[in-house]
Amino acid sequence: MLIKIFKQIILLLCVVSFILADINVYTHRHYDSDKVLFKAFTKVTGIKVNIIKGGADQLIQRLQSEGENSPADVLLTVDAGRLTRAKNLGLLEPVISNRLIQNVPKNMRDNENHWFGLTVRARAIVYAKDRVKISELSTYEDLANPKWKGRIVVRSSNNIYNQSLMASLINANGTSNALKWAKSVRNNMARKPRGNDRDQARAVASGLADLAVINTYYLGLLANSSDKADREVAKKLKVFFPNQNERGTHINVSGGAVTASSKNKREAIKFLEFLTEKENQKIFSESNYEYPLDYKNTKNETLIKWGKFKADEIDLSILGLNNTQAVKLFDLAGWE
């Protein structure tokens, strides 16, 4: 009888251990690179990854609504602004991990270790190589110059990428100058803001405008698309990294965090550690043309063609802290 009970206890512990080894990942990311990495993680560790997809704001709202009963173990999303927001709402758990500290540069992680960058995104200028000389380009600030009147396209102000760019300009130049910049750039636009970053690239390639501000990985996706029309768009454009003689080009991250509600924190931390290891980082570049955390030493041919660049080394948490002010300035500037 005792032996039978002992066997049942062992069986129960094994079942519980298996359940605890699963992790539930709330993710806003929707890239093939992630699928590859998730499968590799399971193969290496035996830990199953259950994916729950949704919009970034939707997932943050869901975590709020579910509270401590949320099944989520990991939140994956894009932009330090959103990650900082999730932290400030009390949705993330601070993590103790020497591997994450070693793998993720200091400015690309929360200073209290609530979130960690996974990939780097440069928000640069793409321009029509037959209509713009590289000597005409210099800084983000110069986009306010009247010489660009009717020549710029960029997406709307409700986009987090633009909000974080504005947050970095507030940090660099102050609120008053950032507002003046937003008003001038708005006046220089060839059309009202609409569409995503790929749409801005297409607008430049079609001749509607001469330059656009986009995340470079979108150009990588166009250049390597199975659609010939997309590849033709990319052929007409070149990348310029602004502010190279000053603070550097604005970058942001997609990142991950362990949720405050996680019941499997150890496994969740292993998952984030796995994604930041150098041998796995290159998969983000190969599949999605994002820069690895060690962006200066990328091996991806598409990224190498754009050239090396100096990045603004601002603590990315500041982008989240300045987000509310950035939104207000866009509204004041009339940037739709």
Side-chain angles (χ1 to χ4, degrees), residues 16-31 33-35 37-42 44-120 252-278 280-281 284 292-293 315-317 319-321:
V16 170
S17 176
F18 176 78
I19 293 173
L20 290 176
D22 288 2
I23 56 172
N24 297 315
V25 177
Y26 281 17
T27 180
H28 169 59
R29 290 175 57 87
H30 47 84
Y31 310 117
S33 59
D34 297 35
K35 296 177 184 178
L37 286 165
F38 297 167
K39 289 181 180 179
F41 174 73
T42 298
V44 170
T45 66
I47 300 171
K48 183 180 177 182
V49 180
N50 302 314
I51 301 300
I52 298 89
K53 292 186 177 182
D57 295 335
Q58 176 190 10
L59 291 174
I60 290 175
Q61 179 60 49
R62 180 170 176 174
L63 283 171
Q64 281 185 280
S65 300
E66 293 171 340
E68 63 182 14
N69 295 319
S70 175
D73 296 299
V74 173
L75 173 66
L76 297 183
T77 190
V78 297
D79 200 278
R82 286 196 180 109
L83 290 161
T84 300
R85 179 183 166 213
K87 172 192 173 180
N88 292 340
L89 290 170
L91 303 177
L92 309 181
E93 180 83 3
V95 166
I96 299 174
S97 167
N98 290 333
R99 286 177 70 187
L100 285 173
I101 296 298
Q102 180 179 349
N103 292 347
V104 184
K106 185 176 181 180
N107 68 311
M108 298 182 193
R109 51 182 159 88
D110 176 59
N111 54 21
E112 295 179 324
N113 297 330
H114 282 79
W115 57 263
F116 298 83
L118 299 176
T119 68
V120 172
N252 210 316
V253 293
S254 67
V258 177
T259 64
S261 63
S262 174
K263 312 302 186 297
N264 307 293
K265 290 182 171 58
R266 183 179 62 178
E267 290 81 6
I269 293 171
K270 284 185 178 180
F271 178 69
L272 294 181
E273 290 173 340
F274 180 85
L275 296 180
T276 62
E277 295 293 352
K278 283 189 176 182
N280 300 321
Q281 280 276 297
F284 288 119
L293 293 170
D315 181 340
L316 295 184
S317 295
L319 305 182
L321 297 176

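Owing to the predicted nature of the structure, the values given are computational and were not obtained by experimental measurement.
- Between the Asn264 side chain and the Asp22 main chain, a donor and an acceptor come within less than 3.5 Å of each other.
- A side-chain donor from one of Thr119 and Ser254 sits under 3.5 Å from a side-chain acceptor of the other.
- Taken from CG in Leu100 to CG in Leu272, the straight-line distance is 6.0 Å, to the nearest 0.5 Å.
- In this structure, CG on Leu316 lies 11.0 Å from CG on Asn111, to the nearest 0.5 angstrom.
- Between Phe271 and Phe41, the two ring planes are perpendicular [angle over 60°; tilted spans 30° to 60°].
- Screening Leu118, Asn103, Thr276, Val253 for a side-chain contact (heavy atoms from CB on, under 4.5 Å) involving Met108 leaves a single residue, Val253.
- Here the shortest heavy-atom pairing between Ile47 and Glu267 reads CD1-CG, 3.6 Å.
- Under 3.5 Å, the side chains of Glu273 and Ser97 contain a donor-acceptor pair of N or O atoms.
- Asn24 contributes atom CG, which lies 9.5 Å from atom NZ of Lys263 (distance to the nearest 0.5 angstrom).
- With Arg62 as the fixed residue, the side-chain hydrogen bond (donor to acceptor under 3.5 Å, both in side chains) test singles out one of Gln64, Gln58, Glu66: Glu66.
- Heavy-atom contacts from other residues, nucleotides or ligands closer than 6.0 Å to NZ of Lys270 number 12 or fewer.
- Distance check, rounded to the nearest 0.5 Å: CG of Leu75 to OH of Tyr26 gives 10.0 Å.
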